[in-house]
Amino acid sequence: MAALSATPREAAALPMSLGRALRLTGDDVTYPIPTADGAIVDRDNEVILVRWKDELYAFALSCPHQNTALKWLANDGRFQCPKHKSKYQPDGTFISGRATRNMDRFAIRKDGKNVVVNLGRIFASDKQQAQWSEARITA
């Protein structure tokens, strides 16, 4: 499936908040499924959980270039690395900058009204394209 593209106006409406996992069991981190588009940053587990256009993604908090924590730029409707300015769409697709790939995605699955993120299974788009593309669920 093709990457979802966002206009800056659409993506700027994406609310960001800090959050925490409901529980951590081994490599599995459980969160409630967001009821609306938005993103939750869980600093403790270094996860960005994004609901965007009824798709749910779990990203590594750090930029794949040099592991700097990514920031959300609401006015531009995108994620950006503050160190070298790599830019990403809300679905993690690389736009421009020094990074050489999309944001890294964790494997996720639904569990009732929750989503489970497997911290032990992370996919880099340049090495595991099929798994990276599949690492999402319909919200």
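Residue numbers count from 1 along this sequence. Side-chain atoms are counted along with the backbone in the values below, which use heavy atoms only and exclude waters and symmetry mates. This is a predicted model, so every value here is computed, not measured.
Other residues, nucleotides and ligands contribute more than 12 heavy atoms inside 6.0 Å of the CZ atom of Arg101.
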Test side chain to side chain contact (heavy atoms under 4.5 Å, CB included) applied to Arg98 and Lys85, step by step: CA-CA 7 Å; Arg98 284 186 149 174; Lys85 311 301 183 221; over 6 Å; no
For side chain to side chain contact (heavy atoms under 4.5 Å, CB included), just list the numbers for Val115 and Leu49, CA-CA rounded to whole Å, side-chain angles, deciding distance to a tenth of an Å, and then say yes or no. CA-CA 10 Å; Val115 60; Leu49 187 65; 4.0 Å; yes
Residue pair Val41, Glu46: steps toward the side chain to side chain contact (heavy atoms under 4.5 Å, CB included) verdict: CA-CA 8 Å; Val41 175; Glu46 298 185 12; over 6 Å; no
Stepwise side chain to side chain contact (heavy atoms under 4.5 Å, CB included) check, Thr93 with Tyr88: CA-CA 5 Å; Thr93 303; Tyr88 305 90; over 6 Å; no
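Remark: Gln129 CD to Phe123 CZ distance equals 12.0 Å, nearest 0.5 Å. In this structure, OG1 on Thr30 lies 15.5 Å from NZ on Lys113, to the nearest 0.5 angstrom. Note: Gln89 CD to Trp52 CH2 = 9.5 Å, rounded to the nearest 0.5 Å.
Each of Leu61 and Ile122 belongs to its own hydrophobic cluster when Ile, Leu, Val, Met, Phe, Trp and Tyr are linked at side-chain heavy-atom distances under 4.5 angstrom. Under the 4.5 Å side-chain heavy-atom criterion for grouping Ile, Leu, Val, Met, Phe, Trp and Tyr, Tyr57 is not connected to Tyr31 through any hydrophobic cluster. Leu119 and Ile33 fall within the same hydrophobic cluster, where Ile, Leu, Val, Met, Phe, Trp and Tyr residues are linked whenever their side-chain heavy atoms come under 4.5 Å apart, directly or through other members. Taking hydrophobic clusters as Ile, Leu, Val, Met, Phe, Trp and Tyr residues chained together by side-chain heavy-atom distances below 4.5 Å, Leu18 shares a cluster with Leu70. A continuous path of hydrophobic side-chain contacts links Phe59 to Trp72 [ILVMFWY only; heavy atoms under 4.5 Å].
For Phe106, there are no ring-ring contact (aromatic ring centres under 6.0 Å, His included) partners two or more places apart in sequence or in a different chain.
Gly92 and Asn102 get closest at one heavy-atom pair: O-CB, 3.2 Å. Residues Ser86 and Ala99 approach most closely at OG-N, 2.8 Å, considering heavy atoms. When all heavy atoms are compared, the tightest approach of Ile95 to Arg78 is CD1-CD, 4.2 Å. Minimum interatomic distance between Ala124 and Trp132 (heavy atoms only, all atoms of both residues): C-CD1, 4.3 Å.
Residues Met103 and Ile48 are in side-chain contact: their nearest non-hydrogen atoms beyond the backbone lie under 4.5 Å apart. Side-chain contact between Pro34 and Leu56: present, with at least one pair of heavy atoms (C-beta onward) separated by less than 4.5 Å. Side chains of Ile137 and Glu55 form no contact here, defined as non-hydrogen atoms less than 4.5 Å apart. Between Arg136 and Val50 there is no side-chain heavy-atom pair separated by less than 4.5 Å.
A salt bridge is absent between Asp76 and Lys71: the closest approach of a Lys/Arg side-chain nitrogen to an acidic carboxylate oxygen does not fall below 4.0 angstrom.
Using a distance-only test at 3.5 Å, with no hydrogens or angles considered, a donor-acceptor pair links the side chain of Asp37 to the main chain of Lys53. Of the possible donor and acceptor atoms, none in the side chain of Ser62 sits under 3.5 Å from a partner among the backbone N and O of Ala69. With hydrogens and angles ignored, the 3.5 Å screen pairs no side-chain donor or acceptor of Asp27 with any backbone N or O of Asn118. Not one N or O on the side chain of Thr68 forms a donor-acceptor pair closer than 3.5 Å with the backbone of Lys83. One N or O on the side chain of Arg105 and one on the backbone of Asp91 form a donor-acceptor pair closer than 3.5 Å.
In this model, a donor atom of one side chain and an acceptor atom of the other lie less than 3.5 Å apart for Asp42 and Asn45.
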